[in-house]
Amino acid sequence: MPELPDVEVYRQRLQNAARGRTLQGARVYDGQVLAGTSARALDRALRGARVAGTRRHGKALYAVMHRAPHLRLHFGMTGDLVLAGADDRDPGHTRVAFLLPAGRRLLFVDQRKLGEVGLVDDVDDDVAQHDLGPDVLDLDAAALAALLRGSGAGLKALLTDQQQVAGLGNIYTDEVLFQARLDPRAPAAALSDAGVGRLFRQTHRVLERAVRADADPAAMPRGWLLHHREDSASCPRGNGEIRSFSVGGRRGYWCPACQEGGT
DNA sequence: GGCAATGTTAGCCG
DNA sequence: TCGGCTAACATTGC
């Protein structure tokens with residue numbers, strides 16, 4: 001699940017559960033998700049550290065502690081962050097537990113173990129080190145236009161490149177381009193002013209609506225493409241058939257009738 | 001058994 | 001250097 005809306009929901013969960021609280025430590029059940037740290041070092045760094053706040057940049061989530069190091073979470077393809085009470089049993093695939101006061105725990109759950117848990121000295125430095133572009137919701141319309149016009153890549157390839165803009169993944173990029181009636185394969189630089197305007201508005205509309213839906217697709221509007229990600233499914237607008245294509249090894253879905261040639 | 005799955009990244013090619 | 005593609009990572013489910 002973890003694209004921007006999912007990670008934003010995890011951030012809110014982290015914020016509500018942990019902000020202002022002092023962690024009691026961390027239990028690591030599967031060290032494979034640790035990045036650049038050890039179970040021992042993680043536990044030692046977090047025990048007695050107070051959570052001052054939270055930050056999200058693209059798909060990366062940070063717990064900002066009252067002093068360095070801070071906690072960095074990345075959720076890969078299947079990561080989740082779950083709040084558990086003292087008596088709750090761990091869900092399957094729980095890899096790390098962050099211990100809160102009163103026996104509560106925040107659980108880093110990750111079936112496929114492509115996620116990462118690590119420590120960073122400085123959040124901005126970490127964002128820079130991963131070469132992340134600006135968070136997609138922090139871009140204003142002019143900056144988005146400049147990014148598009150300066151790129152030689154296709155629209156979808158550009159929007160999913162975290163080094164260009166951070167936060168959009170496979171599913172929501174397809175959704176935004178469908179809502180904005182833009183061809184995923186069109187060169188980004190070819191977008192008209194009107195196309196840039198639609199892309200900007202739909203990016204915000206889709207992502208903000210998805211966050212309000214708690215990143216739960218079942219709670220998102222019927223008219224959204226994400227309910228129709230299947231070859232020859234019917235277009236939610238009734239315009240024709242959904243078709244799939246491949247970009248950078250990922251499967252994308254679009255409605256040629258709505259999006260073809262739309263720039 | 002085969003194939004694809006919300007992400008990232010290294011390596012190859014033109 | 002850039003953009004595109006593939007494979008690999010690890011695991012599950014259709």
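In what follows, chains are A, B, ... by sequence order, proteins preceding strands, each numbered from 1.
Side-chain contact check for A:Arg205 and A:Gln179: at least one donor-acceptor pair (N or O, by modelled atom type) lies under 3.5 Å.
Between the CZ atom of A:Arg112 and the CE atom of A:Met77 there is a distance of 3.5 Å, given to the nearest 0.5 Å. Atom CG of A:Asp80 is separated from atom CG of A:Asp6 by 8.5 Å, given to the nearest 0.5 angstrom. With rounding to the nearest 0.5 Å, the separation of CG in A:Leu106 from OH in A:Tyr10 is 12.5 Å. From A:Thr173, atom OG1 reaches atom CG of A:Leu168 across 4.5 Å, with rounding to the nearest 0.5 Å. Note that CZ of A:Arg47 and CG of A:Leu42 are 10.5 Å apart. Values are rounded to the nearest 0.5 Å. Summarising the geometry, atom CH2 belonging to A:Trp254 is positioned 13.5 Å from atom CD belonging to A:Glu241; distances are rounded to the nearest 0.5 Å.
If you run salt bridge (Lys or Arg N to Asp or Glu O under 4.0 Å) between A:Glu260 and each of A:Arg185, A:Arg181, A:Arg243, only A:Arg185 comes through.
Checking B:dA5, C:dC9, C:dT11 against every side-chain atom of A:Lys113, the shortest atom distance belongs to C:dT11. Here C:dT12 is the nucleotide among C:dT12, B:dT9, B:dT6 with the atom lying nearest to any side-chain atom of A:His93. Considering only side-chain atoms of A:Gln111, the nucleotide from C:dT12, C:dA10, B:dT6 that sits closest is C:dT12. When each of C:dA10, C:dT11, B:dA5 is scored by its nearest atom to the side-chain atoms of A:Leu114, the top-ranked nucleotide is C:dA10.
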N/O donor to acceptor pairs below 3.5 angstrom from side-chain atoms of residues 230-238 of chain A, sequence neighbours left out:
| from | atom 1 | to | atom 2 | distance (Å) |
| --- | --- | --- | --- | --- |
| A:Asp231 | OD1 | A:Ser244 | N | 3.2 |
| A:Asp231 | OD2 | A:Ser244 | OG | 2.8 |
| A:Arg237 | NH2 | A:Phe178 | O | 2.9 |

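A:Glu116 has its CD atom 11 Å from the C1' atom of C:dC9, to the nearest Å. The interatomic distance linking A:Arg72 (CZ) with B:dT8 (P) rounds to 9 Å, in whole Å. The CD-C1' distance, from A:Glu8 to B:dT6, rounds to 17 Å in whole Å. The distance from atom CD of A:Gln163 to atom C1' of B:dT9 is 9 Å, rounded to the nearest whole Å. Atom-to-atom, CZ of A:Arg229 to C1' of B:dT6 comes out at 9 Å; the value is rounded to the nearest Å. Straight-line distance from the CZ atom of A:Arg250 to the P atom of C:dG4: 16 Å, rounded to whole Å. Between the CG atom of A:Asn170 and the C1' atom of B:dA5 there is a distance of 10 Å, rounded to whole Å. Atom CG of A:Leu132 and atom P of B:dT8 are 8 Å apart (whole Å).
Ranked by how close their nearest DNA chain C nucleotide is to the 5' end, A:Gly249 and A:Gly152 are led by A:Gly152. Two residues, A:Arg112 and A:Gln162, neighbour DNA chain B, and the one matched to the more 5' nucleotide by heavy-atom proximity is A:Arg112.
Although no hydrogens or angles enter the test, the distance criterion places no donor-acceptor pair under 3.5 Å between the side chain of A:Asp43 and the main chain of A:Arg40.
At the phosphate of B:dG7, neither OP1 nor OP2 sits under 4.0 Å from any side-chain N or O atom of A:His74. Look at A:Lys59 and you'll find a side-chain N or O under 4.0 angstrom from OP1 or OP2 of B:dT8.
For the P atom pair drawn from C:dT1 and B:dT8, the interatomic distance equals 23 Å after rounding to whole Å. Taking atom P in both B:dT6 and C:dG3, the straight-line distance is 23 Å, to the nearest Å.
Counting any heavy atom pair closer than 4.0 Å across all strands shown, A:Ile171 reaches sugar-phosphate atoms only and no base atom. As judged by a 4.0 angstrom heavy-atom cut-off over every strand, A:Gly169 is placed among residues touching the sugar-phosphate backbone only. In this structure, A:Gly154 reaches the sugar-phosphate backbone alone: every heavy-atom distance under 4.0 Å involves primed, P, OP1 or OP2 atoms, never a base.
Interface residues of residues 199-212 of chain A facing DNA chain C, ordered by number: none; criterion, heavy-atom separation under 4.0 Å.
Crowding of A:Arg229 atom CZ: a count of heavy atoms from other residues, nucleotides or ligands under 6.0 Å exceeding 12.
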Q. For DNA chain B, what dot-bracket results from Watson-Crick or G-U pairs at under 3.5 Å, with [ ] for crossers and | for inter-strand partners?
A. .||||.||||||||
